[in-house]
Amino acid sequence: MRLINTVDGLRKELSGLRKTKQTVGFVPTMGALHKGHLSLVKQSLAENDICVVSIFVNPTQFNDKEDLKKYPRDIEKDCQLLTTVSDKIIVFNPSESEIYPEPDTRCFDFGQIDKVMEGKYRPGHFNGVAQVVSRLFDIVKPDKAYFGEKDFQQLAVIRDMARQLRLGIQIVPMPIVREENGLALSSRNELLTPSQKIEAAKISEELKNSKAEMYKRVSVPETIHSVTERLNKVEGMTVEYFEIVDGITLQPIENWYDTEYVVGCIAVYLGKVRLIDNIEYSKNDK
Ligand code: AMP
């Protein structure tokens, strides 16, 4: 593992590696690494010679300044963890001024993809994500970049951005890694108390139950109503949205048969911590 803090330093290192025809995989993160991040890193190492892991808490994607302030940060722990994985990892941990030497005023247009769900409840969030990821792609110029399906809408936005900018970078989606109790791993889980972590498992439990019991059996609106109601009854939990959408366009569907790719996406507050998760209804689990 090598730690690099500057854009110039990283560019130099990577141009040396490219001269020997080494391929570069890229995993952008905001740190506080867990097994979900590591699954992306391991896949990247399996498919490329080198893996660049960026650790940068990007201010432009936080619509809530309090959320930005309390976002967990521990670069030493992250580096220790990555050291145990492979010596083919370069950690890029830039300062804000390295990434934004001047304010980024670019506005991206993702059509309807970013108008719903996260885009609706976190105005400006995906524009900030696109700003930082496009900047990081330009610095790293990876062959492939790895993103988790945990952030389902983000993945759609990144794919669209890579297509629009004709970057020629292969975007590789990776499945959600969960705790044994089903809770999707997230850096924000660190902000939960032990009892909240147990309560939080109800999110994936209800999603799974709805797939087993309601998919194509009860209507889409009834499913939305039922999952939302059950979760709102959990101590300290408030559902911000639960939508059942076409997995490509991310637009809400009214009927299970409106698309062959059906995904349910949810955001809840548990106390002050915001958690997201999703389930693909149309995937055959067996
Ligand atoms: P973050 O540090 O939260 O910005 O996440 C960095 C990358 O890791 C994103 O592509 C996320 O989708 C992915 N990721 C985060 N949590 C998980 C998880 N539980 N399973 C799989 N990928 C994840």
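Keep in mind that this is a model prediction, so the values were computed, not measured. Counting convention: from 1, in listed order, for ligands and their atoms alike. Side chains included, hydrogens not; waters and symmetry mates left out as well; all remaining heavy atoms used.
- For Asn93 (side chain) and Asn5 (main-chain N/O), no donor-acceptor pair under 3.5 Å exists by modelled atom type.
- Residues Phe126 and Phe108 place their aromatic rings such that the two centres sit no closer than 6.0 Å.
- Side chains of Gln80 and Glu76: a donor-acceptor N/O pair is absent below 3.5 angstrom, by distance only.
- Gln131 and Thr60 are linked by a side-chain donor-acceptor pair at a separation below 3.5 angstrom, with hydrogens and angles left out of the test.
- Interface atoms of ligand 1 facing Tyr71, defined by a heavy-atom separation under 4.0 Å, are 3 (O).
- Distance from atom 20 (N) of ligand 1 to its nearest protein heavy atom, with residue and atom name: Val177 N, 2.9 Å.
- Heavy-atom neighbours of Lys88 NZ from other residues, nucleotides or ligands within 6.0 Å: at or below the threshold of 12.
- Contact analysis puts His37 in contact with ligand 1, with a non-hydrogen atom separation below 4.0 angstrom.
- For ligand 1, the polar-atom distance check against Asp151 finds a nitrogen or oxygen pair separated by under 3.5 Å.
- Every atom of ligand 1 with a heavy atom of Met30 under 4.0 Å away is listed here by number and element: 1 (P), 2 (O), 4 (O).
- Close contacts between ligand 1 and Ile176 involve ligand atoms 20 (N), 21 (C) [criterion: under 4.0 Å to a heavy atom].
- Numbered from 1 in the order shown, with element, the atoms of ligand 1 that lie under 4.0 Å from a heavy atom of Pro175 read 20 (N), 21 (C).
- Counting the atoms of ligand 1 from 1 in the order shown, those under 4.0 Å from a heavy atom of Leu40 are 7 (C), 8 (O), 10 (O), 13 (C), 22 (N).
- For Ser219 and Glu222, the side-chain atoms include at least one donor-acceptor pair closer than 3.5 Å.
- For Met174, no nitrogen or oxygen atom sits less than 3.5 Å from a nitrogen or oxygen atom of ligand 1, counting backbone and side chain alike.
- Note: no N/O pair closer than 3.5 Å links Phe147 and ligand 1 by distance alone.
- Atoms of ligand 1 lying under 4.0 Å from at least one heavy atom of His34, given by number and element, are 15 (C), 16 (N), 17 (C).
- Every atom of ligand 1 with a heavy atom of Leu185 under 4.0 Å away is listed here by number and element: 16 (N), 17 (C), 18 (C), 19 (N).
- Checked by atom type, the side-chain pair Thr249/Gln251 shows no donor-acceptor distance below 3.5 Å.
- Near Pro28, with a cut-off below 4.0 Å to any heavy atom, the atoms of ligand 1 are 6 (C), 7 (C).
- Aromatic ring centres of Tyr146 and Phe26: separated by at least 6.0 Å.
- Defined by atom type and a distance below 3.5 Å, a donor-acceptor pair is missing between the side-chain atoms of Asn209 and Glu205.
- Looking only at heavy atoms of the protein, atom 10 (O) of ligand 1 is closest to Gly148 N, 2.9 Å.
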